[in-house]
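Ligands are counted one by one from 1 in listed order, and the atoms in each one are counted from 1 as well. Numbers here simply count residues along the sequence, with the first being 1. All values reported here derive from a predicted model rather than from experimental measurement.
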Amino acid sequence: MTQTTTDRPPGAPGTDTSLAIEVRGLQVRYGGFTAVAGIDLDVRRGEVFALLGTNGAGKTTTLEVLEGFGTRTGGTVSVLGLDPATERSALQPRMGVQLQEGGFVDELTVLETLQLWQKLVERPDRPERLLERFELGGKRGTPVGKLSGGEKRRLDLAMAVWGSPELVVLDEPTTGLDPESRRRTWDAIRELQEAGRTVVLTTHYLEEAEALADRVAIMHAGRVAVRGTLSEIVAAQPSGFSATLPAGVADLPWLGGTVEREGDAVRVRTTDLQGDLTAFLGWAAARGVQLSDLRAAPASLADIYHAIRTEEQR
Ligand code: ATP
């Protein structure tokens, strides 16, 4: 793998060869609206990095800048040692991109689309390999315009991973896919990772980031609100447990966490899951209270977003 960094001064973005992507103070404004408000991102070579965040947080806008399709209004960006704004033609052969909306020619069949791709993309690969990999063999003669949403998504992914590029950027790769197609997409992403490729993806699914990503950044309103490994981020949030009480139980034990009660349903959010759950179960056992629907779980993505919004309002 070569680095095209010779024209950059030491310490400038793009000179750290352990990083596939280095973003400093990225800002994107659309007229008077700031979609990305000065973010920093480091993506290491060979890792899967997930961008999560609320709707409109700026994830797609950020990816578009990394891909060289979007225009930044501030900051510096290095992708594989290149500036995507000015060096896109050098970057393009080394990067595979899956957009949120694929741009297909509806009249071409699936096979013709891949054959056209074979002519356009410098990286060698075979349509048959990808038809099989993404279970599109049975659709090879179908015009792209007649594919289902999930099939189009798989074709788009096949084109992004064509020839196993150094860097693959995927915008919501599994949105709208059924569980089996999602699993196959995850397998394809893991395959890239095992081959030492770098993958950046956006997702709205915590379990997807959990299953795939080495590190994540969570965006909200144009900023990176939290970053790190997902287990660090989840561990920093209170966990929760919930149960339904039998009718007529009026009082509850004292617990360190926040207790919400709605009728007989009790939900507790706590930083001391073991302590509070032990106290709660001990209280139920001592009183002979029969609990139903007892569940304990770490923070969900909704909990994390709620915590980010609450922090923002302070
Ligand atoms: P989602 O999860 O909903 O896909 P996102 O995090 O990918 O959201 P973006 O698509 O990056 O969000 O959009 C960020 C903000 O910028 C949104 O408020 C969006 O409406 C706005 N935006 C995006 N593109 C444009 C544009 N071309 N002109 C004006 N505003 C835009």
Side-chain angles (χ1 to χ4, degrees), residues 21-43 48-77 79 83-85 88 95-104 149-150 152-154 156-157 160 167-177 181-182 185-186 189 198-213 215-228 230 233-234 299-313:
I21 295 174
E22 210 178 338
V23 170
R24 293 290 174 269
L26 173 64
Q27 191 190 70
V28 181
R29 290 175 67 81
Y30 295 114
F33 177 74
T34 302
V36 178
I39 65 164
D40 297 343
L41 286 178
D42 284 340
V43 178
V48 178
F49 188 92
L51 262 186
L52 294 110
T54 46
N55 284 136
K59 304 179 293 297
T60 297
T61 305
T62 301
L63 290 197
E64 284 170 354
V65 170
L66 300 180
E67 294 154 358
F69 297 130
T71 307
R72 64 181 189 258
T73 47
T76 56
V77 177
V79 178
D83 183 336
R88 200 177 116 64
M95 176 164 65
V97 170
Q98 183 192 32
L99 305 174
Q100 222 176 62
E101 300 286 334
F104 295 116
K152 271 191 190 154
R153 207 83 199 109
R154 272 145 54 196
D156 212 3
L157 182 63
L167 171 65
V168 180
V169 179
L170 308 170
D171 200 356
E172 298 188 27
T174 65
T175 296
L177 295 189
S181 299
R182 175 169 296 177
T185 300
W186 289 8
I189 293 170
T198 307
V199 180
V200 178
L201 59 92
T202 66
T203 180
H204 281 293
Y205 308 114
L206 189 62
E207 71 275 17
E208 183 155 297
E210 240 159 16
L212 298 173
R215 292 184 311 129
V216 308
I218 301 182
M219 290 186 71
H220 175 63
R223 298 182 190 280
V224 174
V226 196
R227 69 180 85 222
L230 206 50
I233 293 170
V234 171
S300 66
L301 202 51
D303 293 332
I304 295 168
Y305 290 168
H306 179 72
I308 290 169
R309 286 198 177 96
T310 309
E311 186 64 30
E312 182 194 41
Q313 282 156 11

Before signing off on this row, confirm whether [X] and ligand 1 have an N or O atom pair separated by under 3.5 Å.
X   : value
A57 : yes
K59 : yes
G56 : yes

Less than 4.0 Å is my threshold; does some heavy atom of [X] fall inside it relative to ligand 1?
X    : answer
E64  : no
M219 : no
G58  : yes

List every atom of ligand 1 that sits less than 4.0 Å from any heavy atom of [X], numbering the atoms from 1 in the order shown and giving each element.
X    : result
E172 : 2 (O), 4 (O)
H204 : 2 (O)
F33  : 15 (C), 16 (O), 18 (O), 21 (C)
T61  : 9 (P), 11 (O), 13 (O), 14 (C)
A35  : 15 (C), 16 (O)

Query raised in the report: Short question: side chain of K59, backbone of I218 - any donor-acceptor pair under 3.5 Å?
Result: no
Query raised in the report: Is the backbone N or O of D171 less than 3.5 Å from a side-chain atom of T202, with the two atoms forming a donor-acceptor pair by type?
Result: no
Query raised in the report: Quick check: are there more than 12 heavy atoms from other residues, nucleotides or ligands sitting under 6.0 Å from CZ of R223?
Result: no
Query - Any I308 side-chain heavy atom under 4.5 Å of T54 side chain - result: no
Query - Pairwise side-chain contact, L230 with L206, heavy-atom cut-off 4.5 Å (strictly under) - result: yes
Query raised in the report: In a check of side chain to side chain donor-acceptor pair (under 3.5 Å) between R24 and each of D40, D42, T76, which one passes?
Result: D42
Report summary line: Applying side-chain hydrogen bond (donor to acceptor under 3.5 Å, both in side chains) to R215 and not counting sequence neighbours gives E47
Query raised in the report: With E311, which residues qualify under side-chain hydrogen bond (donor to acceptor under 3.5 Å, both in side chains), at least two apart?
Result: R314
